[in-house]
Amino acid sequence: MISVKQIENVAKRAEELKRLINYHNHRYYVLDAPEVSDAEYDELMRELIDIEAAYPELITPDSPTQRVGGEPSNAFKPVRHRTKMLSLANAFSFSELAAFFNRISSELGTNEVEMVCELKIDGVAVSLDYDHGMYAGAATRGDGEVGEDITTNVKTIQSLPLRLFLDSPLDTLEVRGEAYLSKEQFKQINEERGDAGQLEFANPRNAAAGSLRQLDPKITAKRHLGIFVYALGYAAGVEFSDQWELLQYLKIAGFKVNPHIAKVGTPKEAYEFCKEWQEKRHSLPFEIDGVVIKVNSFAQQEKLGITSKAPRWAIAYKFPAEQKTTKLISVELNVGRTGALTPTAVLEPVVIAGSTVSRATLHNEDEIKRKDIRIGDTVIVQKAGDVIPEIVAPIVSKRDGSEKEFVMPRECPVCGGEVVRPEGEAVARCININCPAVIFEHLIHFASRGAMDIEGLGESVARQLLDKGMIKDVADIYYLDKEKLLSIEHFADKAAENLYNAIRKSTDRPLARVLFALGIRHVGSHVAEVLADSFNSIGKLSHATLEELIKIQEIGPKIAESIVGFFHEERNRTVLEKLHRAGVKMEQEKPKSTNYTRSFAGMTFVFTGALTLFTRDEAEGLVKSIGGKASSSVSKKTDYVVVGKNPGSKYDKAKSLGVKIITEDDFKRLISGQQERGV
Ligand code: IVH
């Protein structure tokens with residue numbers, strides 16, 4: 001007989017698995033940043049399938065086993081909106097705007113309809129809840145009726161008022177707005193992702209959505225999202241007469257309301273506002289994809305009503321993605337820090353979306369073939385908002401036969417070294433580790449702000465140092481004297497002295513920065529910090545095995561392999577030796593934040609069953625205090641499973657995986673041992 005308790009445990013485990021799998025699904029499909037190997041993922045999936053086969057009543061529509069193709073956003077609790085979150089009907093031309101106006105004026109029986117024009121912010125719609133003037137929650141739009149709870153993530157947005165500036169705040173207020181990323185932030189996030197070897201976000205909207213769907217609000221906070229509010233969801237006990245008044249109220253209440261708004265009375269005036277912002281959009285620090293036109297009076301809005309999806313009193317005028325035709329002059333190959341050869345289209349310059357475009361990304365060889373783009377073609381180039389310009393298609397009818405197909409060379413255009421494209425990979429790489437292009441990019445990264453931060457060592461200086469043969473690798477910069485630096489063009493005494501000092505100063509950078517600067521593939525600034533805190537020394541890290549690395553939370557097989565491969569390379573070891581001799585920091589005394597021994601740093605503990613000596617929170621807090629991590633599920637990476645009374649399935653799982661199982665008393669001893677030693 002199966003006890004109720006056991007069934008409860010299975011149900012709990014099923015829920016946990018769904019959450020875990022959805023989380024990993026999201027990391028993989030949405031963020032393109034997996035944390036677990038395919039095998040580990042499959043293992044979780046198999047366990048859930050088994051449970052659901054034995055207990056079909058546990059199957060829910062949100063179970064990943066029920067997901068066809070993936071709707072990877074169920075990681076957050078569902079929230080039912082008090083009133084539906086609507087979307088908008090679109091207009092793409094003046095005549096569509098005029099048709100909208102004609103319809104509403106005929107339904108209202110008057111031509112005198114005041115409308116409010118607002119910018120259409122290209123971000124993520126959110127609903128914000130206030131309880132007696134205090135921030136009480138936030139949700140995404142979801143399907144309009146039920147969204148996801150993003151309360152803690154939205155709370156990190158600095159421009160969000162946590163307490164409203166109102167003398168007598170309403171009992172309940174729900175407002176709607178758009179969370180967005182500035183163009184500047186978007187660029188920075190993509191640069192960081194590029195450095196870490198992650199796929200870049202296609203546009204600020206995707207980046208904003210990704211930022212709001214982080215399980216760790218600290219990451220959201222680092223993204224510096226903004227928020228504009230523009231609509232009411234629900235307000236208890238207050239009547240607004242129109243949209244304009246509402247916007248003023250929201251502004252006074254402390255919300256960020258976009259200042260570029262206008263009252264208009266005719267479709268022509270509305271269209272002029274649209275045109276004006278279509279032109280000026282590039283001067284804004286954030287992305288807009290159109291203009292929203294709303295009937296101002298709430299009485300008139302009510303009269304017009306809503307359809308199942310959108311209000312009948314508003315319309316979104318969408319800006320067209322800007323396209324131009326031009327000539328593809330040639331294809332240039334850029335050799336990156338990892339030796340990757342990226343083809344770039346060199347175009348006859350054209351002005352698109354407010355800026356001159358003379359280059360466009362071609363991604364890779366397959367993409368060029370797929371689109372059948374040939375050198376000499378007349379091509380359609382598109383720039384949607386702040387996205388990198390791209391070639392949409394060639395105009396085949398304009399060909400005269402002189403066009404040439406692009407062929408990836410077998411030799412590196414910079415050093416003549418061999419170019420290799422491994423089976424199944426899209427990227428071709430120069431495999432010469434001494435390729436000057438690779439060294440150049442590496443040096444620029446090494447000296448960059450987030451790395452060794454060497455002021456004065458920019459592209460032009462780097463180029464000269466390499467061209468003049470003054471350095472062969474990054475470590476050589478520490479052996480340049482002032483005399484040598486004076487031979488750099490346009491370098492007077494002072495500049496040489498400054499650079500010399502900046503180089504010397506950089507030897508003092510913390511270990512994590514040095515690790516990041518080394519440019520190990522897949523080791524971005526965050527991973528570098530994790531590694532620094534786990535090993536405290538490059539020497540120790542260089543001896544770490546794959547198994548040891550994979551045990552560390554946040555280090556997956558891809559990163560681990562890259563690290564081991566890096567230290568295996570003779571040339572890298574020579575560079576490290578030279579850096580060490582030059583006095584660059586290769587160690588840190590203690591892990592940064594706490595005072596625990598390395599033996600517990602990064603170790604993972606899982607608790608199961610009822611604890612009698614501590615509350616769960618206390619136990620997890622203690623784990624943190626000794627530098628470990630508390631996790632909710634057992635895997636091969638778990639170091640200790642602490643069992644209380646009536647342990648659940650985690651206990652069996654730990655046994656089957658051979659994970660160390662300890663009692664609460666053992667745990668207490670372990671902790672006090674650590675604390676008594678005062679480490
Ligand atoms: S009003 C019923 N105003 O555009 C009210 N929406 O394509 C519906 N948006 O889902 C929204 N800026 O996420 C409104 N000033 C603005 C907006 C705006 C951006 C977004 C919003 C909406 C989507 C519709």
Side-chain angles (χ1 to χ4, degrees), residues 73 81-92 96-97 100 104 115-128 138-148 150 154 157 159 174-182 203-209 211-212 225-235 240 242-244 246-251 255-264 270 273-274 277-278 281 284-298 300-321 384-385:
S73 52
H81 302 302
R82 279 196 194 83
T83 54
K84 210 168 162 183
M85 275 184 90
L86 301 165
S87 64
L88 294 169
N90 293 327
F92 295 95
E96 286 176 18
L97 276 187
F100 164 73
I104 54 171
M115 292 171 288
V116 178
C117 295
E118 298 170 14
L119 300 183
K120 187 170 182 308
I121 318 293
D122 197 9
V124 178
V126 293
S127 146
L128 308 168
T140 61
R141 180 170 176 275
D143 65 2
E145 284 180 6
V146 178
E148 295 163 343
I150 48 168
V154 168
I157 302 177
S159 57
E174 188 187 324
V175 289
R176 273 118 196 226
E178 201 85 353
Y180 69 94
L181 270 174
S182 70
N203 52 48
R205 179 166 20 92
N206 288 1
S211 306
L212 285 174
L225 290 154
I227 196 162
F228 283 121
V229 301
Y230 48 64
L232 194 64
Y234 177 86
F240 296 101
D242 58 43
Q243 171 71 6
W244 194 267
L246 170 70
L247 292 178
Q248 306 315 313
Y249 176 86
L250 293 174
K251 206 151 62 177
F255 292 103
K256 198 167 157 189
V257 175
N258 195 281
H260 305 299
I261 50 177
K263 277 189 208 169
V264 297
F273 185 89
C274 296
W277 282 103
Q278 193 166 321
R281 61 195 283 205
L284 291 167
F286 50 84
E287 202 58 55
I288 58 172
D289 61 342
V291 167
V292 183
I293 300 143
K294 304 173 181 174
V295 168
N296 190 23
S297 148
F298 284 164
Q300 288 185 330
Q301 286 190 6
E302 209 163 306
K303 208 164 166 193
L304 289 162
I306 56 170
T307 68
S308 64
K309 281 205 198 99
R312 307 181 67 220
W313 42 261
I315 198 153
Y317 174 81
K318 293 284 268 284
F319 298 144

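All ligand and atom numbering here is 1-based and tracks the order in the structure.
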Handout entry: Nitrogen or oxygen atoms of E178 and ligand 1 under 3.5 Å apart
Key = yes

Handout entry: Side chains of M85 and R176 in contact at under 4.5 Å (non-hydrogen atoms)
Key = yes

Practice task
Look only at interatomic distance and state if L119 has a nitrogen or oxygen under 3.5 Å from any nitrogen or oxygen of ligand 1.
Solution key: yes

Fill in the blank from the handout: shortest atom 10 (O) of ligand 1-to-protein heavy-atom contact is with L86 O, 3.8 Å

Problem - atom 17 (C) of ligand 1: nearest protein contact (heavy atom, Å) - result: Y230 CE2, 3.4 Å

Problem - A125: numbered ligand 1 atoms lying under 4.0 Å from its heavy atoms - result: 13 (O)

Problem - Separation between CD1 of I157 and CG of L212, rounded to the nearest 0.5 Å - result: 5.5 Å

Practice task
Run the contact test for M85 against ligand 1 with a 4.0 Å cut-off on heavy atoms, strictly below, and give the result.
Solution key: no

Handout entry: Face-on cation placement of K256 at F228 ring, 6.0 Å and 45° thresholds
Key = yes

Exercise for the section: Taking E96 for its side chain and F92 for its backbone only, find out whether a donor-acceptor pair lies under 3.5 Å. Expected result: yes

Problem - Geometric N/O contact I121 with ligand 1, under 3.5 angstrom - result: yes

Practice task
Decide whether a cation-pi geometry holds between K294 and W313; the criteria are a distance under 6.0 Å from NZ or CZ to the six-membered ring centre and an angle within 45° of the ring axis.
Solution key: no

Practice task
Starting from atom 23 (C) of ligand 1, find the nearest protein heavy-atom neighbour and note its residue, name and distance.
Solution key: K120 NZ, 3.9 Å

Handout entry: Chi angles and distances behind the side chain to side chain contact (heavy atoms under 4.5 Å, CB included) call for S127, R82
Key = CA-CA 10 Å; S127 146; R82 279 196 194 83; over 6 Å; no

Practice task
Check the angle between the aromatic planes of F319 and Y317 and answer parallel, tilted or perpendicular using the 30° and 60° thresholds.
Solution key: perpendicular

Practice task
Tell me which protein heavy atom sits closest to atom 3 (N) of ligand 1, plus the residue, atom name and distance to 0.1 Å.
Solution key: K294 NZ, 3.0 Å

Problem - Over 12 non-hydrogen atoms of neighbours within 6.0 angstrom of NZ in K263 - result: yes

Fill in the blank from the handout: Of all protein heavy atoms, the one nearest atom 15 (N) of ligand 1 is E118 OE1, 2.9 Å

Completion exercise
re atom 2 (C) of ligand 1, the protein heavy-atom contact at minimum distance is P311 CG, 3.6 Å

